[in-house]
Number of protein chains: 2
Amino acid sequence: MSLKNVTIYDIAREAGVSAATVTRVLKNSPSVKDATREKVRKIIDVHGYAPSSVAQDLGSGNTKTIGMILPSIRNPYYADLVSAADAEARARGYSLWLYQIPQEEKITAGVVGNLIARRLSGAFFIGSFVDVDRPDLRLLLDKLGKYMPIVAICPPRENLGFICMYHNLDGAVRQAVRHLNLLGHRRFAMIGGAEHLEDSGARALSFLDELRILDLPAPPEYGHLGGGDPSAGQQEVLRLMTRLPKEQRPTALLCYNDLVALGALHQLRQMGLRVPEDVAVIGCDNQFFCPFTAPPLTSIDMQTEEHGRSAVRELLSASKNQSATIVRDASLIIRESCGAKLGWQDRG
Amino acid sequence: MSLKNVTIYDIAREAGVSAATVTRVLKNSPSVKDATREKVRKIIDVHGYAPSSVAQDLGSGNTKTIGMILPSIRNPYYADLVSAADAEARARGYSLWLYQIPQEEKITAGVVGNLIARRLSGAFFIGSFVDVDRPDLRLLLDKLGKYMPIVAICPPRENLGFICMYHNLDGAVRQAVRHLNLLGHRRFAMIGGAEHLEDSGARALSFLDELRILDLPAPPEYGHLGGGDPSAGQQEVLRLMTRLPKEQRPTALLCYNDLVALGALHQLRQMGLRVPEDVAVIGCDNQFFCPFTAPPLTSIDMQTEEHGRSAVRELLSASKNQSATIVRDASLIIRESCGAKLGWQDRG
DNA sequence: CAAAGAAATGTTACCGGTAACATACACACG
DNA sequence: CGTGTGTATGTTACCGGTAACATTTCTTTG
């Protein structure tokens with residue numbers, strides 16, 4: 001209706017007081033006479049006035065806004081993370097500013113400028129794209145780190161110069177291998193993920209080491225990972241099940257994430273292979289659809305929501321250039337896709 | 001590193017010019033001598049300076065920020081919408097500010113104040129929770145509408161006093177019914193959604209009317225909808241298949257969304273009912289997992305991404321209190337869950 | 001070579017809050 | 001009745017940009 005927003009001066013004028021008094025009323029300062037307070041409150045209510053946080057931010061130098069830099073909110077894992085972080089942030093008077101940067105997009109100076117310009121209270125850098133091989137990303141992080149605390153929610157990394165949070169999959173991966181081995185599986189494969197990703201690598205080490213401990217053969221052609229979406233799962237299953245001689249085909253698949261597992265399950269079904277009788281499948285992230293796949297998907301739970309909440313707490317108590325590493329353990333959630341029937345208990 | 005952000009005055013001082021000249025350099029004004037321009041540019045680069053958008057926003061009165069009010073980003077439909085909107089917004093120099101309000105949360109004056117305080121360029125109000133029965137929501141929308149243009153992405157509604165975008169499911173629902181009827185189905189049910197939701201109602205009307213046209217019986221007990229997540233699908237299937245006498249049990253299920261369908265598929269499987277041989281299932285939203293369910297889920301495609309992009313365009317060309325209704329048609333995507341085998345074409 | 005005009009740069013005020021400081025007024029007390 | 005001590009309120013400057021206007025510094029030309 002009004003072309004211009006109502007300001008504190010409009011309220012002050014109408015109440016016949018100064019702007020400072022209006023501020024005092026807004027801040028519940030005790031040094032305002034009751035009559036004045038009531039008069040000002042009433043006018044504030046009539047106009048539905050709320051003080052501009054833009055002006056407040058400029059004055060205080062604190063925007064109470066957290067940047068969320070991630071490849072895409074469509075990935076359900078990121079959505080879970082962001083949702084939990086948003087709730088925690090709002091409870092603390094902060095809010096989230098979304099900034100998607102598609103995985104394949106090169107980060108330009110303009111993007112860096114955008115992020116710095118916002119004068120954020122801090123930023124999350126979420127995604128498997130934290131990658132030292134990409135100079136544009138290093139540059140973004142280095143520049144951003146000069147202006148605000150950064151928390152990277154990313155694959156395991158060495159000291160990056162800021163807070164780095166990731167999931168420790170070692171125990172869960174080893175447990176998965178042992179569990180499947182107890183059920184009789186001897187030929188394993190990991191599918192999905194990208195070769196250069198640190199977290200594919202870390203879990204691969206646990207995986208291979210556990211195979212070694214159990215004296216099982218390492219999978220042939222290991223290392224062809226192929227992506228993080230359902231089509232990657234499809235393609236990898238197709239490749240493994242057609243290109244390998246029958247006696248070398250894996251009977252147990254550890255998938256990079258649940259999306260990959262979804263594609264794998266689908267491809268196995270199409271090829272007439274039964275899960276878990278012919279092939280066992282395990283996913284990762286324990287996403288909402290895991291209990292509803294056919295068969296229900298065994299997965300590795302990452303405590304995603306707690307991770308997101310804790311990330312906000314860390315960020316808000318951090319200062320610029322603070323460096324730390326926070327690791328959250330993951331746990332195996334056993335469902336039917338790895339051979340257990342409902343009610344089956346893990347003996348591994 | 002530096003405790004204080006670099007300002008335009010720091011740059012100006014170091015370059016031996018005035019702040020206005022630095023602004024001119026930043027804005028590529030032609031009336032700056034080349035030598036000056038170079039000198040200033042270099043100092044800007046050294047410091048990684050970018051002008052504070054907080055200050056710019058205050059000066060210009062335009063934050064170029066769009067509020068995203070929605071129940072939860074975890075719902076993949078909303079995530080798709082937000083992701084597309086974010087890309088479109090950024091391409092136009094705008095960015096998104098996330099504000100989740102859980103469905104069941106009462107909207108307080110504090111929330112309203114928060115949203116007004118941000119001096120947003122506009123706001124999206126996304127979700128099935130646009131509901132006249134909730135006075136807190138009406139109040140929020142009425143107050144917000146005084147300050148910024150609003151686009152509601154919501155179920156079909158009468159004139160709300162702002163731009164309202166929704167999906168027209170009429171054609172797709174009728175097509176689904178005809179398609180299933182051609183395959184021999186005579187007993188239909190809709191499951192999921194909430195009784196009071198306008199969009200459940202709208203599609204229910206199309207559904208019931210098409211049944212009438214085809215001279216098919218209306219489902220018994222229609223109206224018990226039960227929610228929008230997989231567990232709702234599970235429960236509704238359980239209810240329909242156990243509480244109804246066998247000859248009244250539906251053989252074709254239209255689900256409120258794909259999440260409900262996921263739960264329905266799972267429950268049917270658990271009960272030993274085959275899809276599509278015994279029961280046909282159709283979802284809605286055509287989410288990423290539809291091609292990968294068992295069997296692949298027939299669904300109604302909402303053009304979600306185009307909807308999100310177009311919403312941004314509408315919002316940015318709208319003014320306060322502008323009222324309009326924008327309807328996007330949906331289309332049926334036939335997969336195997338409704339009886340078609342791969343390659344089957346719709347003859348309806 | 002001076003005046004006119006263009007080009008380059010500087011000065012100022014404002015956007016909307018807030019905190020520090022200043023001031024005004026009431027009442028109590030010696 | 002002057003002074004002191006609160007209490008209630010007003011004034012001012014600043015946060016970091018930017019646009020309008022003012023001013024200085026060149027060119028150009030009669």
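Below, each value reflects all heavy atoms present in this structure, side chains not excepted, and no hydrogens, waters or symmetry copies. Order of the sequence lines sets the chain letters (A, B, ...), proteins ahead of strands, with each chain counted from 1.
- Residue contacts for B:Gly59: at a heavy-atom cut-off of 4.0 Å it reaches a base atom on one of the strands shown.
- Between D:dT18 and B:Lys27, a contact under 4.0 Å exists linking OP1 or OP2 to a side-chain N or O.
- A:Arg119 comes within contact range of the sugar-phosphate backbone alone, with a heavy-atom separation under 4.0 Å but no base atom that close.
- Seen from the ring of A:Tyr166, A:Arg328 does not count as a face-on cation partner, given the 6.0 Å and 45° thresholds.
- Among the heavy atoms of the strands lying under 4.0 Å from A:Val17 are primed sugar atoms or P, OP1, OP2 only; no base atom is included.
- Looking at A:Asn62 and A:Ser121, their side chains do bring a donor and an acceptor atom within 3.5 Å of each other.
- Regarding contacts with the backbone of C:dG10, a side-chain N or O of B:Thr21 is found under 4.0 angstrom from either OP1 or OP2.
- With D:dT9, D:dT18, C:dT11 as the candidates, the nucleotide lying closest to the side chain of B:Ser18 is C:dT11.
- Between the C1' atom of D:dG16 and the OH atom of A:Tyr147 lies a distance of 13 Å, rounded to the nearest Å.
- In the interface, the side chain of B:Arg24 is paired with the base of C:dG10 through a donor and an acceptor atom under 3.5 Å apart.
- Listed candidates were D:dT18, C:dT9, C:dG16. Nearest to the side chain of B:Leu26 is D:dT18.
- Heavy atoms of A:Val32 sit under 4.0 angstrom from primed sugar atoms or phosphate atoms, though from no base atom.
- In summary, B:Asp86 and B:Arg90 engage in a salt bridge, as defined by a charged side-chain N under 4.0 Å from a carboxylate O.
- Nucleotide D:dT18 holds its C1' atom 15 Å from the CG atom of B:Asn28, rounded to whole Å.
- At the heavy-atom level, A:Ser52 lies under 4.0 Å from the strands shown only through sugar-phosphate atoms.
- If you measure from atom CD1 of B:Ile116 to atom C1' of C:dG16, you get 16 Å, rounded to the nearest angstrom.
- No salt bridge links B:Lys42 with B:Glu14; every basic N to acidic carboxylate O contact stays at or beyond 4.0 Å.
- With respect to the salt-bridge test (charged N to carboxylate O, under 4.0 angstrom), the residues B:Glu38 and B:Lys33 do not qualify.
- Closest contact between the side chain of A:Thr7 and the listed nucleotides C:dG17, D:dA8, D:dG10 involves C:dG17.
- Contact between the side-chain N/O atoms of B:Arg118 and the OP1/OP2 oxygens of C:dG16 is not found at any separation under 4.0 Å.
- Phosphate contact (OP1/OP2 of C:dG16, side-chain N/O of A:Gln56, threshold under 4.0 Å): absent.
- With DNA chain D read from its 5' end, the first of the two nearest nucleotides for A:Gly16 and B:Thr23 is the one closest to A:Gly16.
- Comparing C:dA8, C:dT11, C:dG17 by their closest approach to the side chain of A:Tyr9 singles out C:dG17.
- In this structure, the CG atom of A:Leu58 is 12 Å from the P atom of D:dT18, given to the nearest Å.
- Taking side-chain N and O atoms only, A:Thr36 has a distance below 4.0 Å to OP1 or OP2 of D:dT9.
- Straight-line distance from the NZ atom of A:Lys33 to the C1' atom of D:dG10: 14 Å, rounded to whole Å.
- Comparing B:Ala20 and A:Tyr49 by the nucleotide of DNA chain C that holds the closest heavy atom to each, the one mapping nearer the 5' end is B:Ala20.
- Considering CD1 of A:Ile66 and CD1 of A:Ile150, their distance stands at 13.0 Å, rounded to 0.5 Å.
- Comparing D:dT18, C:dG16, D:dG16 by their nearest atom to the side chain of B:Ala55 picks out D:dG16.
- Going from atom CG of A:Asp34 over to atom P of D:dA8 covers 8 Å, rounded to whole Å.
- Across the protein-nucleic acid pair, A:Glu38 atom CD and D:dA8 atom P stand 14 Å apart, rounded to whole Å.
- Atom CD1 in A:Ile8 sits roughly 8 Å away from atom C1' in C:dT18 (whole-Å rounding).
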